[in-house]
Visitor: 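Let me give you the structure first, and then I'll get to my questions.
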2 protein chains.
Amino acid sequence: MSGALKDAAIRVERPAKTLRELALDKVREAIVNGYFRPGDRLVERDLCAQLGVSRTVVREVLRHLESEGLVANLPNKGPIVAQLDIEEAKQIYEIRGALEGMAARLCAERGSPEIVAALEESLSAIRSSYRDQDMAGVLANTSSFYQTLFTMVDRHVAWGVVNLLTVRINHLRSMTIKTERRDIEGPAQMSKIVDAIRRGDGEGAQRAAMDHVAAASAIAEAVLSAQKPAE
Amino acid sequence: MSGALKDAAIRVERPAKTLRELALDKVREAIVNGYFRPGDRLVERDLCAQLGVSRTVVREVLRHLESEGLVANLPNKGPIVAQLDIEEAKQIYEIRGALEGMAARLCAERGSPEIVAALEESLSAIRSSYRDQDMAGVLANTSSFYQTLFTMVDRHVAWGVVNLLTVRINHLRSMTIKTERRDIEGPAQMSKIVDAIRRGDGEGAQRAAMDHVAAASAIAEAVLSAQKPAE
DNA sequence: CTACAGTATTTGGTAGGCCATAATACGATT
DNA sequence: AATCGTATTATGGCCTACCAAATACTGTAG
């Protein structure tokens, strides 16, 4: 999102986000990075106050988040932040494996150097974020790595699906990347994906991508089952 | 939608569902089976009148359908029924291939006879629906075939994703199943999936599932590109 | 200490109104 | 007649206020 507004720009202004979209982003973010914890009730009127908007807007936002799977609605009790159980998390990782594997294979089969270059750029950004202990940066750059994987072969729908699912496990992601040695192994696994793509090895690229999320899934499972009993 | 309401006296009328959900289903159905056509504007106040509910409800419904991809929102112009372009449809079929292939493989690897039995039941229901020219039945039973595939190995999330995507191409589905010889080839392809599962051949099951949606995708593409120029 | 009645909270849903913007119709001016 | 404002309308976005029903809470009477 660059602020391009120079010459020849018939496009004068930004889409002017509606209040609703602003609120949606705010609440989603609040959930995703833990300001609202799983199981917390999301009382409409409280949200109105906190966001400074009307119930109309809040209700639409809650509906939207509900269909994203971030919010669950107990009948006659109201919306709460969805709880992520371990089984669901595993399934989400599995689906990501299938789709990212597919995208990786397509990238390899296309065999365009631009793809490899773009992926390598993201990858090195990830490595440097790890060096700086910038965990938010790691997440963002990992995301852009995968975005490249999907969009370079024009798989926008699949990318949308992956994104939709990913928000639901976001807090897991931020835990997995902080685990021991993940700073080395994570990029190494992703590097394998890139290597296979460079070789034009579709099968290998797919396997490497699936291995990467499988590893993440295993870590997530360990993290989840370690913290469940404590809670 | 069965009209079961007679006996069972206690069973008064427990809507369980909120008005909102009722309205959501109604509108979704109206879109899915073509009462509202792609590109049609969905004017809030008109919908209020047609559904007999308040704007609040209508707006929530529209938001929900928007996040399902059935409705698009033009800034400053309002919601319209989403247009399905051919590229997007192909991507949806591709994703279904990946996920249904995954599910089929898992079914084969589990190797439980109940799965095979359940799938065969759906399959024969499909065949008999074809015999009766009951196209709605074909769709419903096909859906239940795949539902079995996913839920028998507890992949509810993936099934949810497939469902989400499927509504967007529903009218394509209803056209593909009506094409020449689809009454024979469709079930034959699905039968191959079942056979592979029975053999415990994960690889084969995956391939068969992917072949089946690939065939559907090819037909859909033909149908779409045939009707586009006319329009 | 329990049971129960009353009270508060909160959702689900309704009604209606206000404002901003886009499109369209309608003039008025040249 | 063609063009250039200017009402009007339609509509989305947003708000306030209200009500009914379900749920949770609380204090009191027995």
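Numbers restart at 1 for each chain; the letters A, B, ... are given by sequence-line order, proteins then strands. It should be emphasised that the depicted structure is a prediction, and the values quoted were computed from it without experimental measurement.
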Visitor: Suppose the criterion is ring-ring contact (aromatic ring centres under 6.0 Å, His included): which pairs have a residue in residues 33-90 of chain A, not counting sequence neighbours?
Guide: none
Visitor: Does anything in residues 137-146 of chain B form a side-chain hydrogen bond (donor to acceptor under 3.5 Å, both in side chains)? List the pairs, not counting sequence neighbours.
Guide: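 Every side-chain hydrogen bond (donor to acceptor under 3.5 Å, both in side chains) pair that includes a residue of residues 137-146 of chain B, provided the two are not neighbours, is B:S122-B:S144, B:S129-B:N141, B:Y146-B:H212.
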Visitor: Between atom CD in B:E66 and atom C1' in D:dG12, what is the gap in whole Å?
Guide: 12 Å
Visitor: Quick one: side chains of residues 56-63 of chain A, donor-acceptor pairs under 3.5 Å with protein atoms, not counting sequence neighbours, listed by atom name and distance.
Guide:
residue: A:R59; atom: NE; partner: B:E60; partner atom: OE2; Å: 3.1
residue: A:R59; atom: NH2; partner: B:E60; partner atom: OE1; Å: 3.4
residue: A:E60; atom: OE1; partner: B:R59; partner atom: NH2; Å: 3.4
residue: A:E60; atom: OE1; partner: B:R63; partner atom: NH1; Å: 2.8
residue: A:E60; atom: OE2; partner: B:R59; partner atom: NE; Å: 2.8
residue: A:E60; atom: OE2; partner: B:R59; partner atom: NH2; Å: 3.1
residue: A:R63; atom: NE; partner: B:E60; partner atom: OE2; Å: 3.0
residue: A:R63; atom: NH1; partner: A:E66; partner atom: OE1; Å: 3.4
residue: A:R63; atom: NH2; partner: B:E60; partner atom: OE2; Å: 3.2

Visitor: Would you say CD of B:E87 has more than 12 non-hydrogen atoms from neighbouring residues, nucleotides or ligands within 6.0 angstrom?
Guide: yes
Visitor: Nearest to the A:S54 side chain among C:dA22, D:dG13, D:dT16, which nucleotide is it?
Guide: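 Among the listed nucleotides, the one closest to the side chain of A:S54 is D:dT16.
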Visitor: Quickly work out the A:R20 CZ to D:dC14 P distance and round it to whole Å.
Guide: 6 Å
Visitor: When you check the phosphate oxygens OP1 and OP2 of C:dT21, does a side-chain N or O of B:N76 lie under 4.0 Å from one of them?
Guide: no
Visitor: Show each protein N/O and nucleotides 6-10 of chain C N/O combination with a separation under 3.5 Å, one pair to a line.
Guide:
none

Visitor: Which part of the nucleic acid does B:L42 contact within heavy-atom distance under 4.0 Å: base, sugar-phosphate only, or nothing?
Guide: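 Result for B:L42 = sugar-phosphate.
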Visitor: Provide, to the nearest angstrom, the distance between the CD1 atom belonging to A:I80 and the P atom belonging to D:dT23.
Guide: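 Distance, rounded to whole Å: 15 Å.
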Visitor: Name each donor-acceptor pair under 3.5 Å that joins a side chain in residues 156-171 of chain A to protein atoms two or more places apart or in another chain, with its distance.
Guide:
residue: A:T166; atom: OG1; partner: A:V162; partner atom: O; Å: 2.6
residue: A:R168; atom: NE; partner: A:E88; partner atom: OE2; Å: 3.4
residue: A:R168; atom: NH2; partner: A:E88; partner atom: OE2; Å: 2.5

Visitor: What's the CG-P distance between A:L47 and D:dC15, to the nearest Å?
Guide: 13 Å
Visitor: Got a sec, which residues hit side-chain hydrogen bond (donor to acceptor under 3.5 Å, both in side chains) with B:E221, two or more places apart in sequence or on another chain?
Guide: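 side-chain hydrogen bond (donor to acceptor under 3.5 Å, both in side chains) list for B:E221, sorted by chain: empty.
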Visitor: Can you sort out the partners of A:Q50 under side-chain hydrogen bond (donor to acceptor under 3.5 Å, both in side chains), two or more places apart, ordered by chain and number?
Guide: none
Visitor: For DNA chain C, which residues of residues 55-64 of chain A approach it to below 4.0 angstrom with any heavy atom?
Guide: A:R55, A:R59, A:R63
Visitor: For residues 135-152 of chain B, pull every pair meeting salt bridge (Lys or Arg N to Asp or Glu O under 4.0 Å), keeping only residues two or more places apart or in separate chains.
Guide: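 For residues 135-152 of chain B, and leaving out neighbouring residues, there are no salt bridge (Lys or Arg N to Asp or Glu O under 4.0 Å) pairs at all.
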